[in-house]
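Notes follow the structure.
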Amino acid sequence: MPLTAEWRSFGEFDVVLVLDESGAVREAITAEPAILREFLTGMDGLRSWRGDHAIEGERRGPEPWGALVMARAESGEIIEMDPERFWAGIHIWFRSRGVDYDTPIPSA
């Protein structure tokens, strides 16, 4: 059963969703640089990602979570992307902080 993941933006709130094969939201994770970096560079461990938002009612579908920025298959293939939202998100989450989405994270 293949999974997909979506980066969605709702105003100042971004989220990464994990969707099951039927397109229902399985996990909803608050966007932050580490999860976005994983989403953008590898999708490793997608099946183990755990959300921090309740998924109930209409939020079982992806649309109520905001506008689609990018959707990816579990294999890493880009399914859909809004280029304008994507580059705005890259600026907000990474470049405005002096890094890029593929900048290595220093070890603690």
Side-chain angles (χ1 to χ4, degrees):
M1 83 179 157
L3 300 177
T4 58
E6 295 183 356
W7 173 10
R8 289 192 167 259
S9 183
F10 192 73
E12 293 190 26
F13 173 76
D14 283 11
V15 67
V16 173
L17 304 175
V18 177
L19 292 87
D20 66 21
E21 65 280 352
S22 71
V25 176
R26 178 174 157 169
E27 302 290 339
I29 309 157
T30 300
E32 49 90 19
I35 192 68
L36 288 171
R37 181 177 286 111
E38 185 67 25
F39 172 80
L40 293 167
T41 62
M43 303 265 292
D44 296 333
L46 176 63
R47 292 182 178 274
S48 65
W49 292 2
R50 296 295 171 247
D52 55 350
H53 293 277
I55 302 165
E56 49 194 30
E58 69 175 16
R59 287 196 157 198
R60 293 186 194 282
E63 291 79 14
W65 295 94
L68 180 67
V69 176
M70 177 188 264
R72 296 189 74 189
E74 189 171 8
S75 65
E77 173 188 2
I78 296 172
I79 301 169
E80 190 174 350
M81 179 174 139
D82 179 319
E84 204 169 299
R85 284 190 177 100
F86 174 79
W87 289 112
I90 293 297
H91 174 75
I92 291 166
W93 286 103
F94 299 102
R95 293 187 177 160
S96 67
R97 300 167 189 203
V99 296
D100 211 341
Y101 65 89
D102 59 353
T103 301
I105 300 172
S107 300

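Residue numbers run from 1 in the order of the sequence given. Below, all heavy atoms of this structure are taken into account, side chains as well, without hydrogens, waters or symmetry copies.
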Please report the closest heavy-atom contact between [X] and [Y], naming both atoms and the distance.
{"X": "Leu19", "Y": "Pro62", "result": "CD2-CG, 3.8 Å"}
{"X": "Ala73", "Y": "Thr4", "result": "CA-CG2, 4.2 Å"}
{"X": "Glu38", "Y": "Trp49", "result": "CG-CZ2, 3.2 Å"}
{"X": "Ala28", "Y": "Leu17", "result": "CB-CD2, 3.7 Å"}

- Message: Does Arg47 form a side-chain contact (heavy atoms from CB on, under 4.5 Å) with Arg26? I'd like the steps, not just the answer.
- Response: CA-CA 10 Å; Arg47 292 182 178 274; Arg26 178 174 157 169; 4.1 Å; yes
How long is the straight-line distance from [atom2] of [Y] back to [atom1] of [X], given to the nearest 0.5 Å?
{"X": "Ser9", "Y": "Asp82", "atom1": "OG", "atom2": "CG", "answer": "10.0 Å"}
{"X": "Glu27", "Y": "Ile55", "atom1": "CD", "atom2": "CD1", "answer": "5.5 Å"}
{"X": "Phe13", "Y": "Thr30", "atom1": "CZ", "atom2": "OG1", "answer": "5.0 Å"}

- Item | pair Arg60-Val25: side-chain heavy atoms closer than 4.5 Å | no
- Does some side-chain heavy atom of Trp7 sit less than 4.5 Å from a side-chain heavy atom of Arg85? no
Hydrophobic clustering (ILVMFWY, side-chain heavy atoms < 4.5 Å, transitive) - are [Y] and [X] grouped together?
{"X": "Leu68", "Y": "Met81", "answer": "no"}
{"X": "Ile78", "Y": "Trp93", "answer": "yes"}
{"X": "Val15", "Y": "Ile35", "answer": "no"}

Would you find a donor on one side and an acceptor on the other, under 3.5 Å apart, between the side chain of [X] and the backbone of [Y]?
{"X": "Glu6", "Y": "Arg8", "answer": "no"}
{"X": "Glu74", "Y": "Leu3", "answer": "yes"}
{"X": "Glu58", "Y": "Gly61", "answer": "no"}
{"X": "Trp65", "Y": "Arg59", "answer": "yes"}

- Message: Between Met70 and Leu40, does the side-chain contact (heavy atoms from CB on, under 4.5 Å) criterion hold? Intermediate values first, please.
- Response: CA-CA 9 Å; Met70 177 188 264; Leu40 293 167; 3.9 Å; yes
- Message: Other residues, nucleotides and ligands only: do more than 12 of their heavy atoms fall within 6.0 Å of CZ on Phe10?
- Response: no
- Query: More than 12 heavy atoms of other residues, nucleotides or ligands under 6.0 Å from NE2 of His53: is that the case?
  - Reply: yes
- Task: Mind running side-chain contact (heavy atoms from CB on, under 4.5 Å) on Val16 and Leu36 for me, showing each step along the way?
- Result: CA-CA 8 Å; Val16 173; Leu36 288 171; 3.8 Å; yes
